[in-house]
Amino acid sequence: MRIKIKKPSDLTDNDVTDESIYKNRRQVLRSLGYVGASALLAPHAKAFNWFSDDDEPAFKRRPLTYQSDKNDPQTITPEDKATSYNNFYEFGTDKSDPVENAQSFNVNPWTLKVDGLVNKPFSIDFDNLFTRFPLQERIYRLRCVEAWSMVIPWIGFPLAQLIKQADPQGSAKYVAFQTLRDPKQMPGQRNRFVGGGIDYPYVEGLRLDEAMHDLTLLTVGLYGKSLPPQNGAPVRLVVPWKYGFKSIKSIVRISLVEQQPPTTWNTLAPHEYGFYANVNPTVDHPRWSQASERRITTGGLLARNRIATQMFNGYEEVASLYAGMDLRRLY
Ligand code: MTE
């Protein structure tokens with residue numbers, strides 16, 4: 001049985017993405033002379049970018065078996081949008097760089113290490129990622145801090161299941177995540193301009209209670225198949241009530257720790273990106289408003305798909321995690 005979380009924020013047919021938006025996106029951007037560094041970076045940090053004309057994905061995805069509710073009323077962003085408009089700076093900072101540059105990313109063999117303040121540390125290999133825990137489909141909204149959003153059917157398992165198997169010690173208060181560091185495979189890790197000036201590996205963190213929340217998904221697939229490299233193969237995090245940069249990709253290590261761990265965007269620009277990064281329409285990014293977002297689902301390239309941003313991205317069930325906290329200060 002698929003876990004169904006019904007909320008007032010459940011999506012409607014209006015949320016379906018029109019496939020045509022990005023078909024010629026690169027050509028349009030090129031003709032405008034725009035080489036498209038991500039809004040995440042401050043303007044002076046705009047990274048070098050190049051275009052390849054080879055759009056053919058070579059990476060092989062495996063079909064997955066998972067529990068899902070086919071009658072789910074939510075509608076989703078078409079797959080080709082979610083897998084071609086990405087942020088994965090290890091492969092370049094333009095939205096089309098990951099799909100263009102990551103197709104030869106080799107994810108098998110893979111080792112995901114679970115360690116730190118746990119009584120039963122363990123490792124999971126590539127095949128185990130898909131078999132150790134029962135897989136389920138979760139249709140979540142993904143709200144990027146850049147003020148665009150999508151609706152994506154992820155496949156994975158609650159992170160809580162993995163953490164429970166590791167048997168956390170009482171002193172564990174946070175969970176630290178780390179992406180693969182492999183400059184041979186990741187051009188952004190070989191060259192600071194290509195990689196947006198980030199000190200790799202990309203790292204992220206959650207408070208332990210956030211990590212244990214049922215919505216927090218360790219994700220191995222989308223749209224019925226294993227993840228393509230541009231979306232974080234073979235395993236990534238999805239935390240739907242937080243800005244997308246918390247949803248770290250291609251994870252090799254999950255460590256339980258006592259102190260709040262450093263996180264990539266907070267380290268790079270602390271005044272712009274906080275540790276918590278809860279979606280919050282009342283706390284603007286210093287360089288743009290967070291009151292609304294561009295839903296990548298309907299209309300053409302110039303269509304105004306603006307919708308109001310919801311607190312916690314509409315996942316109000318997490319509000320109690322932050323009771324008594326000043327979310328303007330702890331953004
Ligand atoms: N993880 C790593 N390792 N590197 C990245 O650059 N980008 C983040 C997040 N995870 C990123 C990452 C950002 S900013 C977003 S919005 C989401 O991935 C995008 O996920 P998607 O490409 O699957 O939509």
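Remember, it's 1-based here, ligands and their atoms both numbered in the order they're listed.
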Check: Phe275 ring centroid to Trp265 ring centroid under 6.0 Å: no
Minimal non-hydrogen separation, Thr267 against Pro262, with atom names: OG1-CB, 4.2 Å
What does the contact table look like for ligand 1 (nitrogen or oxygen on each side, cut-off under 3.5 Å)?
residue, atom, partner, partner atom, Å
ligand 1, 1 (N), Lys249, N, 3.1
ligand 1, 3 (N), Glu90, OE2, 2.9
ligand 1, 3 (N), Thr179, OG1, 3.0
ligand 1, 4 (N), Glu90, OE1, 2.8
ligand 1, 6 (O), Tyr89, N, 2.8
ligand 1, 7 (N), Asn87, O, 3.2
ligand 1, 10 (N), Ser247, O, 2.9
ligand 1, 20 (O), Arg236, NH2, 3.2
ligand 1, 20 (O), Lys249, NZ, 3.4
ligand 1, 22 (O), Asn86, ND2, 2.8
ligand 1, 22 (O), Asn87, N, 3.4
ligand 1, 22 (O), Lys249, NZ, 2.6
ligand 1, 23 (O), Asn231, ND2, 3.0
ligand 1, 23 (O), Arg236, NH1, 2.8

Gln189 versus Pro183, closest heavy-atom pair with distance: OE1-N, 3.4 Å
Quiz item: cation-pi between Arg132 and Phe122, 6.0 Å / 45°: yes
Minimum-distance pair of heavy atoms, taken over all atoms of Thr263 and Gly205: CG2-N, 3.4 Å
Intermediate values then yes/no, side-chain contact (heavy atoms from CB on, under 4.5 Å), Leu112 and Arg253: CA-CA 5 Å; Leu112 168 61; Arg253 189 169 179 196; 5.6 Å; no
